[in-house]
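Worksheet: the structure to be examined is printed underneath.
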Amino acid sequence: MNQPEPVLLDFSLLDRQIVDSQGLMVGNVDDLELAVTDQGRLQVTALLSGQQVLGDRLGGRLGRWMSAVARRLSPTPDPQPLRIPYDLVDTVGSEITLTVAKDLLAEPPLEAWLRKYLIDRIPGGRDASQ
Amino acid sequence: MRASDLLGRDVFDTAGNAVGRIVDLIARHDADGQLMVSAALVAPGRRTRLFTYERPALAAPWLVHTAIRRLHGDVNEIQLSDLRLGPEARELPLPASLRQPDGDENS
């Protein structure tokens with residue numbers, strides 16, 4: 001684990017790219033999940049990634065539009081962001097490296113929608129990852 | 001709770017006067033390796049992104065220091081337990097143990 005001490009949440013984490021243990025792009029840090037521990041302390045528990053989260057964070061007309069598009073494209077009425085437990089974070093630098101491979105993480109709803117309705121319909125698109 | 005719930009929030013002193021906005025949150029690893037938020041960086045004026053040189057006691061070239069000070073004003077590091085996010089302590093969205101910056105457990 002190689003992380004700065006202290007960690008500035010906005011400067012060091014937000015909007016950074018997330019890559020998995022193989023160096024593959026996972027997404028961006030659009031927000032951070034904080035939880036209150038039993039001792040009343042505030043713990044950073046997860047990285048959140050997704051268009052809906054970014055829209056919520058930006059706020060205003062642009063943020064509402066982004067969230068609305070994310071909801072519209074999501075197969076479920078209440079799309080959940082990609083949630084990466086902070087325990088899986090290995091390195092914090094110009095990018096954030098995880099200790100696990102991307103395959104072990106849940107697929108973001110927007111990516112699932114794009115793959116299902118767009119990429120898979122392109123001739124040869126089902127083999128795009130190969 | 002999300003970090004964006006705190007970033008950009010107004011901060012008040014004990015008299016209820018606004019002193020600035022939260023521009024960043026400082027977190028440190030505890031003995032178990034968990035990342036705990038310990039303090040907030042509060043700057044007067046509008047919310048813009050920091051360059052990390054704003055942290056108190058952090059040396060910076062004078063030109064950078066002057067430019068950043070003009071942009072952000074004096075940035076203060078305030079411990080989370082001292083943070084007031086409303087004119088009155090009960091307006092804080094933080095947990096109960098953090099809501100009483102005066103140490104008053106009953107208000």
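In what follows, chains carry the letters A, B, and so on, assigned in the order in which the sequence lines appear, proteins first and then strands, with residues in each chain numbered from 1.
Hydrophobic clustering places A/V69 together with A/L62 (ILVMFWY residues linked when any side-chain heavy atoms are closer than 4.5 Å, directly or through intermediates). If you chain together hydrophobic residues whose side chains sit under 4.5 Å apart, A/V26 and A/V100 fall into the same group. The same ILVMFWY cluster, assembled from side-chain heavy atoms under 4.5 Å apart, contains both B/V42 and B/L80. Cluster annotation: A/L88 is connected to A/V44 through the hydrophobic network of ILVMFWY side chains, with a link wherever side-chain heavy atoms come within less than 4.5 Å. Residues A/M25 and A/L98 do not share a hydrophobic cluster, defined by chaining ILVMFWY side chains whose heavy atoms lie under 4.5 Å apart.
Within residues 89-96 of chain A, no residue has any heavy atom closer than 4.5 Å to a heavy atom of chain B.
Two residues are said to be in side-chain contact when any heavy atoms from C-beta on lie closer than 4.5 Å; A/L34 and B/L6 meet this criterion. Inter-residue side-chain proximity for B/I26 and A/L8 is flagged as met; some heavy-atom pair is nearer than 4.5 Å.
With sequence neighbours excluded, no residue forms a side-chain hydrogen bond (donor to acceptor under 3.5 Å, both in side chains) with A/R16. Partners of A/D30 according to the side-chain hydrogen bond (donor to acceptor under 3.5 Å, both in side chains) rule, which considers only residues two or more places apart in sequence or in another chain, do not exist here.
Each of A/L42, A/V36, A/L32 was compared with B/M1 under the side chain to side chain contact (heavy atoms under 4.5 Å, CB included) criterion, and only A/L42 meets it. The only member of B/R28, B/M36, B/H29 that meets side chain to side chain contact (heavy atoms under 4.5 Å, CB included) when paired with A/V7 is B/H29.
To the nearest 0.5 Å, atom CD of residue B/Q34 and atom CG of residue A/D87 are 5.0 Å apart. Atom CG of B/L41 and atom CG of A/D10 lie 10.0 Å apart (nearest 0.5 Å). Rounding to the nearest 0.5 Å places CG of B/D30 at 7.5 Å from CD of A/Q43.
Residues A/L48 make up the rest of the hydrophobic cluster containing A/V53, defined by ILVMFWY side-chain heavy atoms closer than 4.5 Å, directly or through other members.
Heavy atoms closer than 4.5 Å to chain B are found in both the backbone and the side chain of A/E33. At a 4.5 Å heavy-atom cutoff, the contact between A/T37 and chain B is made by side-chain atoms alone.
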CA sep, side-chain torsions, deciding dist, call: B/D24, A/L9, side chain to side chain contact (heavy atoms under 4.5 Å, CB included):
CA-CA 6 Å; B/D24 212 333; A/L9 299 192; 4.2 Å; yes

